[in-house]
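Working notes, structure below.
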Amino acid sequence: MTLGPRPGPVRYLLFSASLRTGSLNARLAIAARTAIEAHGGTVDPSAMSDFDCPSYSQDAQAKGFPQGAEELRRRLDANDAFVIAAPEYNGSMPGALKNAIDWVSRFRPQPFNGKHALLLSASPSMAGGNRGLWALRVPLEHLGVRVYPDMFSLAQAHQAFDAQGQIANQQLGGRLDQTIAGFMDLAEAAKHYPCAKTAWVEFLGEHPDSPVDRVDKPRSE
Ligand SMILES: Cc1cc2nc3c(=O)[nH]c(=O)nc-3n(C[C@H](O)[C@H](O)[C@H](O)COP(=O)(O)O)c2cc1C
């Protein structure tokens, strides 16, 4: 009897959805990276500029996918879950992010399907860009992403970071850390539980019972 491969550490694609130099969301992404690594996750840090695409049209798609879309698909496939720190533009997500999502949604198999995601935002406003995250949920959930119920929005972000790039207010920093830890528990369970269950079924020499054993299949093992 050979048991299936043991799953490795959970890998997180992390990027800010801002194209701006000096982005507050890029700074929040750096703070998120520190927390993910402190909790044992592997981070694949990226930037929106890697995924920027010309405006989507089906005519353009007929000529081929742009490099930004190919790159976002590759990075989604290479990671188990993703974390986006997204600015709020006019109560919604930035157009560049929605455009990249639209492009990537046209690949088959559809790369977002079944991925776990955590949404973060930073804004100088008092609401921290939170409305934009509710808008971002809609296309992601439509595409089969398991969007973590809790989100983190950093209000007055232009004065929220200390000299080390971390959130200066301890209570707020703790809230980011707890949100990330909860998300990581879920992403880890989603990755490891099906492998553990497969190994156990093989160990017992039983055939899986599909009506009872409904779990997410590991995607990349
Ligand atoms: C076109 C545009 C629309 C904006 N709309 C909002 C908004 O609806 N809510 C908000 O909190 N901030 C809004 N802002 C301000 C952004 O939150 C602010 O510029 C922020 O720094 C952008 O994120 P970044 O620093 O990561 O680039 C808007 C900014 C721009 C350029």
Side-chain angles (χ1 to χ4, degrees), residues 4-5 7-17 29 32 36 41-48 50-53 55-58 60-62 64-86 92-121 132-151 179-180 182-198 208 210-221:
V10 181
R11 296 156 303 190
Y12 298 88
L13 173 64
L14 169 68
F15 65 98
S16 153
I36 293 170
T42 300
V43 176
D44 176 10
S46 193
M48 191 65 219
D50 295 333
F51 308 137
D52 200 21
C53 298
S55 292
Y56 178 83
S57 90
Q58 286 172 289
Q61 187 194 331
F65 284 85
Q67 200 186 333
E70 296 277 7
E71 182 61 8
L72 182 50
R73 170 173 71 163
R74 189 181 73 74
R75 302 287 275 275
L76 286 168
D77 286 349
N79 288 279
D80 301 299
F82 63 93
V83 179
I84 306 180
S92 188
M93 79 202 81
L97 177 58
K98 178 62 163 55
N99 187 46
I101 291 171
D102 289 343
W103 270 108
V104 171
S105 74
R106 306 299 287 179
F107 287 114
R108 295 294 178 270
Q110 194 265 96
F112 286 106
N113 192 30
K115 290 283 178 191
H116 283 257
L118 175 66
L119 306 184
L120 314 174
S121 65
L133 299 187
W134 285 104
L136 177 54
R137 268 185 178 270
V138 174
L140 293 180
E141 292 194 0
H142 172 81
L143 292 169
V145 177
R146 276 80 159 138
V147 183
Y148 191 60
D150 288 346
M151 305 184 281
T179 305
I180 284 176
F183 168 66
M184 290 177 71
D185 282 348
L186 191 65
E188 191 171 329
K191 176 169 180 164
H192 291 177
Y193 175 68
C195 300
K197 184 147 195 170
T198 304
S210 58
V212 180
D213 297 336
R214 291 190 58 196
V215 292
D216 291 346
K217 288 217 167 63
R219 288 167 51 95
S220 50
E221 263 72 33

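Note that this is a predicted model, so its numbers are computed, not measured.
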Point-to-point distance, once rounded to the nearest 0.5 Å, from [atom1] of [X] to [atom2] of [Y]:
X	Y	atom1	atom2	result
I84	I101	CD1	CD1	5.5 Å
Q61	F107	CD	CZ	8.5 Å
D77	L72	CG	CG	9.5 Å
I180	L120	CD1	CG	6.0 Å

key: Salt-bridge criterion met for E70 and R73 (N-O under 4.0 Å)   = yes

message = So that I can tick it off, tell me whether D102 and K98 are bridged by a salt bridge, with the cut-off set at under 4.0 angstrom between side-chain N and carboxylate O.
response =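 Yes.
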
inquiry  = Working note: F112 + L140, criterion side chain to side chain contact (heavy atoms under 4.5 Å, CB included); need CA distance, chi angles, decisive distance, verdict.
reply    = CA-CA 7 Å; F112 286 106; L140 293 180; 4.1 Å; yes

Between [X] and [Y], which heavy-atom pair has the shortest distance, and what is it?
X	Y	result
F15	A47	CB-N, 4.0 Å
L118	D150	CD1-O, 3.6 Å
L119	R137	CD1-CG, 4.0 Å
P139	M93	CG-CE, 3.9 Å
W103	C53	CD1-CB, 3.5 Å
L13	S46	CD1-CB, 3.9 Å

task = Decide if atom CD of E141 counts as having more than 12 heavy atoms of other residues, nucleotides or ligands within a radius under 6.0 Å.
result = yes

message = Please evaluate residues Q110 and L143 with respect to the criterion side chain to side chain contact (heavy atoms under 4.5 Å, CB included), reporting the C-alpha separation (whole Å), side-chain torsions for both, the decisive distance (0.1 Å), and the verdict.
response = CA-CA 8 Å; Q110 194 265 96; L143 292 169; 3.6 Å; yes

request  = List for me each residue that meets side-chain hydrogen bond (donor to acceptor under 3.5 Å, both in side chains) alongside E71, sequence neighbours excluded, and say none if there are none.
outcome  =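 Only R74, R75 meet the side-chain hydrogen bond (donor to acceptor under 3.5 Å, both in side chains) criterion with E71.
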
Could you check if a side-chain atom of [X] sits within less than 4.5 angstrom of a side-chain atom of [Y], using non-hydrogen atoms only?
X	Y	value
H116	D80	no
L136	V147	no
V83	Y148	no
D44	Y12	no

